[in-house]
Undergrad: 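My questions will all concern the structure given below.
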Amino acid sequence: MIGILLSLLCSPCEAQRKMRDVFLQMPDSLLPYLTENNRLDFLDFMDSGMKAEVHNELGGRSEMLSLSDEMLTLQVSHAMKVVMRLVPVAEAVDSCQQVICMITTYGTEAPESKIEVYSVQWNPIDVSTHLTLPDGPYTAEFKEAPQPSVGLSLRQANMLDPIANEEQKKEQSWLKYIEWKP
């Protein structure tokens with residue numbers, strides 16, 4: 001019995017991690033809007049088939065929109081959305097063959113995304129290790145790709161230009177598809 005317990009403690013990631021477990025271990029400092037209790041409530045509501053909505057630390061409402069073993073989506077506020085996905089890596093990071101890729105999108109009129117990568121222990125990893133990102137502002141979203149790859153779609157962020165009409169904004173935007181480098 002002691003040997004089994006020690007083997008579990010020494011190799012915390014022999015099995016693939018599940019997003020719900022990683023989400024519960026997320027440090028409050030990475031999403032200060034949400035407390036550990038908020039995260040627990042999200043999961044309880046999702047498990048019960050209820051709308052997963054909580055009062056956040058800024059007095060607003062946050063909602064978990066989706067949760068699977070590999071991915072989750074949060075509408076943290078009306079102007080902030082977070083999507084997290086567990087993705088495979090070739091070389092173990094913190095004794096695990098997965099890392100967390102987190103896309104945070106800010107804004108409504110002129111949204112802009114930020115992509116961050118963490119180990120499953122929430123240690124930051126240089127994003128350029130796995131992705132080649134554009135220099136300018138962009139919005140990002142995950143796209144399905146052939147397994148075990150993960151794709152991301154990047155679109156040039158439309159800057160707030162009161163003079164530009166919708167057609168001009170479309171002409172200015174570019175769309176890139178990039179794949180995760182395990």
Side-chain angles (χ1 to χ4, degrees), residues 13 15-89 93 96-125 127 130-131 133 137-155 157-158 175-182:
C13 207
Q16 295 293 343
R17 300 290 302 260
K18 303 268 190 249
M19 180 52 74
R20 69 182 302 117
D21 300 324
V22 172
F23 180 60
L24 282 176
Q25 294 172 351
M26 180 182 205
D28 290 346
S29 60
L30 292 179
L31 266 179
Y33 272 74
L34 302 171
T35 64
E36 181 179 2
N37 284 338
N38 290 145
R39 294 193 303 274
L40 286 166
D41 287 344
F42 277 142
L43 297 176
D44 287 344
F45 292 146
M46 292 297 277
D47 291 344
S48 300
M50 299 169 56
K51 184 175 183 176
E53 188 174 78
V54 299
H55 290 279
N56 61 43
E57 289 296 291
L58 295 179
R61 294 188 171 274
S62 297
E63 183 178 358
M64 181 178 280
L65 302 173
S66 66
L67 173 66
S68 71
D69 287 346
E70 297 85 28
M71 194 166 161
L72 73 74
T73 305
L74 297 171
Q75 189 69 48
V76 181
S77 71
H78 76 283
M80 182 180 171
K81 184 177 183 177
V82 174
V83 182
M84 293 180 221
R85 184 167 182 160
L86 288 168
V87 291
V89 290
V93 178
C96 194
Q97 296 292 134
Q98 295 171 299
V99 295
I100 305 156
C101 184
M102 185 165 86
I103 300 173
T104 306
T105 303
Y106 304 94
T108 55
E109 294 295 318
E112 188 173 330
S113 297
K114 175 174 83 170
I115 298 176
E116 298 169 290
V117 180
Y118 297 93
S119 73
V120 294
Q121 302 298 321
W122 290 103
N123 295 315
I125 298 170
V127 73
H130 301 287
L131 299 170
L133 297 175
Y138 58 88
T139 58
E141 62 183 15
F142 289 107
K143 294 292 184 185
E144 291 307 312
Q147 292 295 331
S149 186
V150 173
L152 286 105
S153 172
L154 303 177
R155 183 175 299 278
N158 289 329
L175 179 66
K176 288 185 177 186
Y177 176 80
I178 58 175
E179 288 197 18
W180 180 262
K181 296 181 266 182

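Keep in mind the model is a prediction, meaning the values are calculated, not measured. Numbers for residues simply follow the sequence, beginning at 1.
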Undergrad: Once you round to the nearest 0.5 Å, how far does CD1 of Ile100 lie from CZ of Arg85?
TA: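 Going from the CD1 atom of Ile100 to the CZ atom of Arg85 covers 13.5 Å.
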Undergrad: Show your reasoning for whether side chain to side chain contact (heavy atoms under 4.5 Å, CB included) applies to Met26 and Trp122.
TA: CA-CA 7 Å; Met26 180 182 205; Trp122 290 103; 3.7 Å; yes
Undergrad: Out of curiosity, Met19 CE to Leu86 CG, how far, rounded to the nearest 0.5 Å?
TA: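 Result: 4.0 Å between the selected atoms.
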Undergrad: I'd like to know if the side chain of Asp28 and the backbone of Leu31 have a donor-acceptor N/O pair within less than 3.5 Å.
TA: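 Not at all, since once roles are kept as given, no pair shorter than 3.5 Å links the two residues.
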Undergrad: Is a side-chain N or O of His55 found less than 3.5 angstrom from the main chain of Arg61, in a donor-acceptor match?
TA: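 No, the answer is negative, given that no donor and acceptor are paired below the 3.5 Å cut-off.
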Undergrad: Distance check, rounded to the nearest 0.5 Å: Arg39 atom CZ versus Asp44 atom CG?
TA: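 Rounded to the nearest 0.5 Å, the CZ-CG separation comes out at 13.0 Å.
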Undergrad: Can you list the steps and then say if Arg17 with Cys96 is a side chain to side chain contact (heavy atoms under 4.5 Å, CB included)?
TA: CA-CA 9 Å; Arg17 300 290 302 260; Cys96 194; 4.0 Å; yes
Undergrad: Applying side chain to side chain contact (heavy atoms under 4.5 Å, CB included) to Leu34 and Phe42, what does each step give before you reach the verdict?
TA: CA-CA 10 Å; Leu34 302 171; Phe42 277 142; 3.8 Å; yes
Undergrad: For Met84 and Phe142, which heavy atoms make the closest approach, and how far apart are they?
TA: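 The answer is C-CE1, 4.5 Å.
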Undergrad: Applying salt bridge (Lys or Arg N to Asp or Glu O under 4.0 Å), can you list everything that pairs with Asp21, at least two apart in sequence or on another chain?
TA: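 Salt bridge (Lys or Arg N to Asp or Glu O under 4.0 Å) check on Asp21 returns nothing, list empty.
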Undergrad: Kindly give the heavy-atom pair with the smallest separation between Ala140 and Ser113, and that separation in Å.
TA: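 Looks like N-OG, 2.9 Å.
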Undergrad: Which atoms form the tightest heavy-atom contact between Thr105 and Pro111, and what is the distance?
TA: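 That would be CG2-CB, 3.9 Å.
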Undergrad: Would you call Arg20 and Asp47 a side-chain contact if the rule is heavy atoms closer than 4.5 Å?
TA: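 They are in side-chain contact.
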Undergrad: Do you know which two heavy atoms are closest between Ser119 and Ile125, and how far apart they sit?
TA: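 The pair with the smallest heavy-atom distance is N-CD1, 3.5 Å.
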Undergrad: Could you work out, with side chain to side chain donor-acceptor pair (under 3.5 Å) as the rule, every residue matching Asp41, not counting sequence neighbours?
TA: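 If we apply the side chain to side chain donor-acceptor pair (under 3.5 Å) test to Asp41, skipping adjacent residues, there are no hits.
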Undergrad: Could you tell me the separation between the CG atom of Leu65 and the CG atom of Leu74, rounded to the nearest 0.5 Å?
TA: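 Leu65 atom CG to Leu74 atom CG measures 7.5 Å (nearest 0.5 Å).
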Undergrad: To the nearest 0.5 angstrom, please state how far the CZ atom of Phe23 sits from the CD atom of Glu36.
TA: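 Answer rounded to 0.5 Å: 10.5 Å.
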Undergrad: Verify side chain to side chain contact (heavy atoms under 4.5 Å, CB included) between Leu43 and Met64, making sure each step is shown before the conclusion.
TA: CA-CA 8 Å; Leu43 297 176; Met64 181 178 280; 4.3 Å; yes
Undergrad: Is the closest side-chain heavy-atom distance between Phe45 and Val54 below 4.5 Å?
TA: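 Of all side-chain heavy-atom pairs linking Val54 with Phe45, at least one is under 4.5 Å.
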Undergrad: What pair of heavy atoms forms the shortest contact from His130 to Val117, and how long is it?
TA: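 Shortest heavy-atom separation between His130 and Val117 comes out as CD2-CG1, 4.3 Å.
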Undergrad: How close do Ile115 and Cys101 get, heavy atom to heavy atom, and via which atoms?
TA: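 Closest approach of Ile115 to Cys101, heavy atoms only: CG2-SG, 3.8 Å.
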Undergrad: Got a donor-acceptor contact below 3.5 angstrom from the Ser62 side chain to the Val76 backbone?
TA: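 A pair under 3.5 Å: yes.
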Undergrad: Just jot down the side chain to side chain contact (heavy atoms under 4.5 Å, CB included) partners of Lys114, sequence neighbours excluded, or say none.
TA: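 If we apply the side chain to side chain contact (heavy atoms under 4.5 Å, CB included) test to Lys114, skipping adjacent residues, the hits are Tyr106, Glu116.
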Undergrad: Atom CG of Leu72 and atom CG of Leu67: how far apart are they, to the nearest 0.5 Å?
TA: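 Reported value, rounded in 0.5 Å steps: 6.0 Å.
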